[in-house]
Amino acid sequence: MPSETLWEIAKAEVEKRGNNGNEGDGVETGEKSVFFIGSKNGGKTTIILRCLDRDEPPKPTLALEYTYGRRAKGHNIPKDIAHFWELGGGTSLLDLISIPITSDTLRTFSIVLVLDLSKPNDLWPTMENLLQATKSHVDKVIMKLGKTNSKAASEMRQKIWSNMQKDHQDRELIDPFPIPLVIIGSKYDIFQDFDSEKRKVICKTLRFVAHYYGASLMFTSKSEALLLKIRGVINQLAFGIDKSKSICVDQNKPLFITAGLDSLSHIGSPPVPDNDIGKLHAHSPMELWKKVYAKLFPPKTVNTLKDIKDPAKDPQYAESEVDEMRIQKDQELEQYKRSSSKSWKQIELDS
C-alpha cells in the first residue's frame with residue numbers, strides 16, 4: 001500500500017483538529033482566517049508582515065505557509081486570534097487550496113487575492129485560475145457543510161449579499177464570491193508609469209471583476225501610506241475592525257473601492273470601440289471583459305506561462321550542495337533502472 005504524501009497527512013491533521021472542536025451553530029467566534037493567494041513574487045508575504053508589525057525581510061514562500069496574529073480586546077478578555085495562510089507558487093499549487101479551507105473553518109474565512117500590476121499579461125490568467133479553483137472548492141465545502149449544519153450553510157449563502165444594498169441597481173447582475181474577497185493590485189509604483197490607455201484598461205477590468213464578485217479592490221506599493229490603508233482592510237478581515245467606506249476610482253491614483261460601493265454604470269462598458277464589440281463573441285459579461293483585456297494584454301504562451309510544478313527545480317529555492325546530491329542520486333537511480341532492465345531481459349532470455 002503506498003504511503004501518504006506530506007500534503008495528505010497535513011490535510012488529515014487539519015480536518016482532525018476541526019472535528020475535535022465544537023460543531024457550532026453558525027455564530028462567528030473570536031478566531032478568523034485570512035488566505036493570501038495571488039501572483040508569484042507579487043508581495044503577499046510583505047503585506048502579511050506589515051499587518052503583523054514584523055520588521056523582517058520577506059522570504060520566498062514554500063508551497064503553503066502559516067502564521068498567526070493576536071489582538072487584545074480589553075483587560076482580562078481573551079485575545080482575538082487571526083490565522084494567516086499563504087499559498088506560494090502563483091497558480092502551480094492549486095491543489096493545496098483545500099488544506100486550510102474546511103467546513104469547520106469556512107464560516108470565518110476570507111480570501112485576499114494579490115495581483116502583480118507590473119505584469120499585466122499574467123494578470124488575467126493568474127486571477128482566473130486562482131479564483132475559479134478557490135470558488136470551486138468553497139462551493140463543495142458549503143454543500144458538505146449543508147449536510148451536517150444546514151443553518152450555518154444557509155447563513156453563509158445569505159451573508160455573501162451583505163455588502164450589497166438591497167436596492168442596488170446591479171443586484172441582479174452580479175454573482176458574489178461565496179466568502180469575503182479582497183483584490184489587491186501590488187507594485188503600483190511601477191504601474192503608475194504605464195501608458196494612460198493601458199492603466200485605463202487594467203483599472204476598469206479589475207473594477208468590473210471586483211464588483212461582479214462583490215469584492216473590495218485596492219492598489220498598493222512600498223509606500224507607507226498605501227500599506228497602512230491595506231493593513232486597515234486586512235485587520236477588518238482578521239479581527240472584525242470597522243470597515244472603511246473609502247472610495248477612489250481615479251485611474252491616475254491608487255484605486256481604493258470598498259465592496260458594494262461601485263456600480264456597472266460608473267465602471268462603463270469594456271474599453272473597446274463600439275464597432276469592435278460586436279466582433280467579440282462572448283456568452284457572459286465576464287467572458288466579454290476577458291476577451292477585451294486579452295486583446296491588449298495577450299496571455300503568454302502555455303510554455304512560458306506555466307509555473308514550475310516541481311519546487312525542487314525552481315531556481316529561487318536553489319541549494320548548491322543539495323542540488324549536487326540530488327543530481328548524483330538521480331544518476332544513480334537511472335543507472336539502477338538500466339541495470340534492472342538488463343537483468344529482467346536476461347532472465348526472460350534464459351527462461
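Note that the structure is predicted; figures quoted are calculated from it, not measured. Just the heavy atoms: all of them, side chains too, but no hydrogens, waters or symmetry mates, feed the values below.
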Electrostatic pair Glu224:Arg50 at N-O distance under 4.0 angstrom: yes

Do Asp53 and Arg231 sit within salt-bridge range, that is, some charged N less than 4.0 Å from a carboxylate O? yes

Would you tell me whether Ser265 and Ser263 have side-chain atoms, one donor and one acceptor, within less than 3.5 Å of each other? yes

Are side-chain N/O atoms of Asn235 and Arg71 paired as donor and acceptor at under 3.5 Å? no

To the nearest 0.5 Å, what is the distance between [atom1] ([X]) and [atom2] ([Y])?
X: Glu155; Y: Leu145; atom1: CD; atom2: CG; answer: 10.0 Å
X: Leu113; Y: Thr126; atom1: CG; atom2: OG1; answer: 8.5 Å
X: Asp262; Y: Leu217; atom1: CG; atom2: CG; answer: 8.5 Å
X: Tyr213; Y: Ile174; atom1: OH; atom2: CD1; answer: 11.5 Å
X: His266; Y: Ile247; atom1: NE2; atom2: CD1; answer: 8.0 Å

Can you find a pair of side-chain heavy atoms, one from Lys290 and one from Glu128, that are under 4.5 Å apart? yes

Measuring only between side-chain heavy atoms, which start at C-beta, is Phe208 closer than 4.5 Å to Met286? yes

Ring centres of Tyr66 and Trp85 under 6.0 Å apart? yes

Qualifying salt bridge (Lys or Arg N to Asp or Glu O under 4.0 Å) pairs, either residue in residues 168-195, two or more places apart: Asp116-Lys187

Quick one: ring pair (Phe, Tyr, Trp, His ring centres under 6.0 Å) pairs with a partner in residues 139-171, sequence neighbours left out? His168-His211

Starting from Phe84, walk the hydrophobic network (Ile, Leu, Val, Met, Phe, Trp, Tyr; side-chain heavy atoms closer than 4.5 Å) and list everyone else you reach, by chain and number. Val34, Phe36, Ile47, Ile48, Leu52, Val112, Val114, Val182, Ile184, Met218, Ile230, Val233, Ile234, Leu237, Phe256

Would a single hydrophobic cluster contain both Leu93 and Met127, if residues Ile, Leu, Val, Met, Phe, Trp and Tyr are joined by side-chain heavy-atom contacts under 4.5 Å? yes

Would His83 and Lys32 count as a side chain to side chain contact (heavy atoms under 4.5 Å, CB included) if you check the C-alpha gap in whole Å, the side-chain angles of each, and the deciding distance to 0.1 Å? CA-CA 6 Å; His83 305 280; Lys32 296 179 182 292; over 6 Å; no

